[in-house]
Amino acid sequence: MARRTSFLALVAALTLLGPTAATAGPRVPTWATRGSRTTGPLPAAPAPGPGPGFSISHGDGNDTGGPLDLRSMKISRGRTKDTISLTAIRPVSNADIDPNDGGNFAVLIDVNDNRKFDYGQYVYFYAGKLRGVLVNLATSNVVDRTAPTARVSATTFRTVIQRTKIHSPGTYRFAVFSYFDAAPCSRRDPCSDSIPDTFPLIPLDHKAPSVNVTNLDAYASDASATLTTPVDFTFSDDTFGTGVKTWLVQRREVGASTPWEDVKTGQIQNPTVNVPGDEGVTYQVRVVVVDKQKNKKISKIERTTFALDDRNAAVTYGGATTQGSPAGSFLTTTTSVATAGTVTFAFSGTSSFCVVGGPVSTGQTADVTATLDGNPVSVNLETDATGARARVTCMSGLTIDPHTLVLTVTSAESYVIDGFYV
């Protein structure tokens with residue numbers, strides 16, 4: 001519909017400029033058409049921006065008299081500039097968009113989603129040239145007399161919104177208008193059309209959401225007794241944005257030439273996602289957030305390492321051992337090694353490791369002697385205060401490869417092995 005009273009009344013109250021404002025629809029102010037000016041060059045295509053190739057199209061019916069009845073509009077987002085195409089139902093002559101003889105097109109822009117237009121970019125023909133003029137509607141000052149503008153066909157025009165000139169904080173909303181007051185219309189009863197016909201305005205979101213991983217343990221078993229570990233993250237869109245559409249948690253094995261694997265996708269706020277893993281593997285973890293207009297943000301990459309279980313083939317035992325299932329143990333079991341028994345752990349491809357164990361019997365202490373690649377090293381004792389899945393001892397900076405760690409139990413109390421990190 002061409003004359004939605006509440007919508008066009010608001011346009012009239014906020015955007016009509018020039019001495020005949022009281023009787024006209026959206027138009028180019030007379031002081032913007034004085035003198036000889038040229039428009040800037042129009043880019044052949046919008047530069048790729050966030051959400052590459054994103055565009056919005058809207059159609060409109062045959063609902064307004066005169067040659068400027070709008071058929072459709074399309075806006076294509078670029079990195080810093082957005083290209084709008086306006087198409088009329090009937091061919092448009094230069095005289096039809098000469099403000100002195102007919103009318104004009106206009107793109108009216110709201111930068112803070114308060115349903116008040118802040119800028120108007122007018123498309124019109126004057127003094128032998130097609131022009132694009134950007135006006136600050138709050139001050140009636142011309143911001144840009146050379147906004148890139150071109151005729152595409154007998155019915156279609158194109159103009160470019162340069163976002164730095166409208167001070168858009170991240171998302172702006174807009175409507176496309178045509179105004180015509182020559183016959184068969186008149187100044188008393190002008191023909192005015194708009195896309196959209198009613199609120200809400202059309203949003204163009206050009207700012208990616210934010211995303212932050214708030215918690216992911218570097219040692220996966222610090223948070224979980226299974227081969228999954230939780231990752232927590234937060235995300236949000238900009239103040240006037242279109243909103244986050246979806247998030248995606250991904251993982252990738254460190255050191256492997258494999259693509260990112262999808263773990264889980266969703267929409268809920270403040271989620272906790274359990275990332276699965278394999279024994280002894282370190283993963284990169286990231287979160288990808290996409291808003292409703294395909295702007296994408298990728299979080300900082302975090303890392304987590306899964307332990308090797310006490311029953312892993314890389315671990316061998318000598319002497320008397322007992323397998324138990326104390327509460328909270330990694331993958332439900334531990335191996336207790338009696339006095340004089342040994343634990344041999346062979347590993348490679350890393351410069352660090354941790355021994356995971358505990359707890360021992362109430363009031364008891366367990367101790368071992370240790371060698372790493374044949375050289376004595378110190379490994380901490382265990383007590384009844386040693387927590388489940390505790391990293392009893394960690395070493396880093398190893399310079400040779402492969403490695404062999406040998407633990408020999410020296411205490412009367414059995415030493416508990418729950419696993420190893422590499």
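Being a predicted model, the structure only gives us computed values, none of them experimental.
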Notebook entry, point to check: Do the side-chain N and O atoms of S210 and S236 include a donor-acceptor pair separated by under 3.5 angstrom?
Noted result: yes
The side-chain hydrogen bond (donor to acceptor under 3.5 Å, both in side chains) partners of Q284 (sequence neighbours excluded) come to R252
Those residues at least two apart in sequence (or on a different chain) that pass side-chain contact (heavy atoms from CB on, under 4.5 Å) with S57 are K74
Report task. Report yes if some heavy atom in the side chain of D63 is under 4.5 Å from a heavy atom in the side chain of D69; otherwise report no. Result -> yes
Across all chains, not counting sequence neighbours, the salt bridge (Lys or Arg N to Asp or Glu O under 4.0 Å) partners of R303 are none
Evaluate the criterion salt bridge (Lys or Arg N to Asp or Glu O under 4.0 Å) for residue pair K165 and D144; output intermediate values, then yes/no. CA-CA 8 Å; K165 296 186 178 182; D144 184 10; 3.0 Å; yes
Across all chains, not counting sequence neighbours, the side-chain hydrogen bond (donor to acceptor under 3.5 Å, both in side chains) partners of T272 are D232
Here the ring pair (Phe, Tyr, Trp, His ring centres under 6.0 Å) pairs for residues 315-344, sequence neighbours left out, are none
Q162 side-chain N/O to T80 backbone N/O, donor-acceptor pair under 3.5 Å: no
With sequence neighbours left out, the residues meeting salt bridge (Lys or Arg N to Asp or Glu O under 4.0 Å) with D373 are none
Does the side chain of D205 come under 3.5 Å of the side chain of T171 through a donor N or O and an acceptor N or O? yes
Problem set entry | Polar side-chain atom of D110 near backbone of N112 as donor-acceptor pair, under 3.5 Å | yes
Sequence neighbours excluded, the answer for side-chain contact (heavy atoms from CB on, under 4.5 Å) partners of P359 is none
query = Side chains of T228 and N274: donor-acceptor distance under 3.5 Å anywhere?
reply = no
Looking at R163 and D82, is there a salt bridge between them, counting it only when a charged N and a carboxylate O are closer than 4.0 Å?
yes
Taken in chain and number order and not counting sequence neighbours, the residues that satisfy salt bridge (Lys or Arg N to Asp or Glu O under 4.0 Å) with E253 are none
For R391, the side-chain contact (heavy atoms from CB on, under 4.5 Å) test, sequence neighbours excluded, returns Y219, D222, C354, V356, C394, Y421
Give a yes-or-no answer on whether the side chains of T342 and T408 include a donor-acceptor pair shorter than 3.5 Å. no
So the ring pair (Phe, Tyr, Trp, His ring centres under 6.0 Å) pairs with at least one residue in residues 273-306 (sequence neighbours excluded) are Y283-F306
Residues 379-403 vs ring pair (Phe, Tyr, Trp, His ring centres under 6.0 Å), sequence neighbours excluded, gives F347-H403
task = For the residue pair F345 and F420, categorise the inter-ring angle as parallel (less than 30°), tilted (30 to 60°) or perpendicular (more than 60°).
result = parallel
For T365 and T383, the nearest pair of non-hydrogen atoms, with its separation, is OG1-CG2, 4.1 Å
Considering only NZ, NE, NH1 and NH2 on the basic side and carboxylate oxygens on the acidic side, decide whether D113 and R173 come within less than 4.0 Å.
yes
With no hydrogens and no angle check, just 3.5 Å: does a side-chain donor-acceptor pair link T214 and N212?
no
Taking S55's backbone N and O only, do any of them form a donor-acceptor pair with S76's side chain (distance below 3.5 Å, no angle check)?
no
d(T234 OG1, N215 CG) to nearest 0.5 Å is 11.5 Å
(Q) Side chains of T246 and T265 only: does a donor on one sit below 3.5 Å from an acceptor on the other? (A) yes
Practice item. For the pair W247 and F233, name the ring-plane relationship: parallel under 30°, tilted 30 to 60°, perpendicular over 60°. Key: perpendicular
Applying salt bridge (Lys or Arg N to Asp or Glu O under 4.0 Å) to D309 and not counting sequence neighbours gives R311
